[in-house]
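The next block holds one structure in the form of structure tokens; read it before the comments.
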Amino acid sequence: MFNPEMIWMSPVSLRLKDGTEHIFSTVNDALDFLEADWSMLRGRKHNRAVQACRRALNRVTPVAIAREAFVDACLDAGMSATAAEANFARPGSGGQRSVA
């Protein structure tokens, strides 16, 4: 079954501790990052973000709640997260790319 990308109204620009920046514009991108690329301690806020993203993909939780939980987990881990300009997201590329 086709599962369309769940796109946030406003992408998230995330600056990792090593200084690289990534743009996240979909729930799938955020969940991939949280599950595969998260190198910090996985605490309560990280777990909440993973759960919120999964629930959003299952259409149980609003996409905005997943975005909020993702940003909260990133800030808690010491990363800088801000709203990104929509023109940074590249449809078809997963919505995530390095800007640095």
How would you list, by chain and number, every residue that makes a salt bridge (charged side-chain N to carboxylate O under 4.0 Å, His left out) with Asp72, sequence neighbours excluded?
->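 With sequence neighbours excluded, Asp72 shows a salt bridge (charged side-chain N to carboxylate O under 4.0 Å, His left out) to Lys45, given in chain and number order.
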Could you list the residues that satisfy salt bridge (charged side-chain N to carboxylate O under 4.0 Å, His left out) with Glu35, not counting sequence neighbours?
->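 If we apply the salt bridge (charged side-chain N to carboxylate O under 4.0 Å, His left out) test to Glu35, skipping adjacent residues, the hits are Arg54.
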What pair of heavy atoms forms the shortest contact from [X] to [Y], and how long is it?
| X | Y | answer |
| --- | --- | --- |
| Ala49 | Leu34 | CB-CD1, 3.7 Å |
| Val63 | Ala56 | CA-CB, 4.3 Å |
| Phe70 | Ala30 | CD1-CB, 3.7 Å |
| Ile65 | Ala52 | O-CB, 4.4 Å |
| Ala73 | Trp38 | O-CH2, 3.5 Å |

Same apolar cluster (I L V M F W Y, side chains within < 4.5 Å links), Phe24/Met79 =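 Same cluster.
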Contacts satisfying ring pair (Phe, Tyr, Trp, His ring centres under 6.0 Å) that involve residues 47-68 (not counting sequence neighbours) are none
Could you state the interatomic distance from NE2 (His22) to OG (Ser13), rounded to the nearest 0.5 Å?
->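 It comes to 10.0 Å.
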Distance, nearest 0.5 Å, that separates CE of Met40 from CG of Asp76 |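 If I round to the nearest 0.5 Å, the distance is 10.0 Å.
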Main-chain N/O of [Y] paired with [X] side-chain donor or acceptor, under 3.5 Å:
| X | Y | answer |
| --- | --- | --- |
| His46 | Leu41 | no |
| Trp8 | Ser10 | no |
| Asp18 | Thr20 | yes |

Any side-chain heavy-atom pair from Phe33 and Leu14 closer than 4.5 angstrom?
->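 Contact flag for Phe33/Leu14 side chains = yes.
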Could you check if a side-chain atom of Val12 sits within less than 4.5 angstrom of a side-chain atom of Ile23, using non-hydrogen atoms only?
->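 Not touching, per the 4.5 Å side-chain cut-off.
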Any luck finding a side-chain donor-acceptor pair between Ser80 and Arg15 under 3.5 Å?
->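 The answer is no; no qualifying pair exists.
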Does the side chain of Thr26 pick up a donor-acceptor pair with the side chain of Asn28 at under 3.5 Å?
-> no
Begin from the C-alpha positions of Met6 and Arg59 and carry the test side chain to side chain contact (heavy atoms under 4.5 Å, CB included) through to its verdict.
-> CA-CA 10 Å; Met6 312 249 343; Arg59 302 186 189 287; 3.6 Å; yes
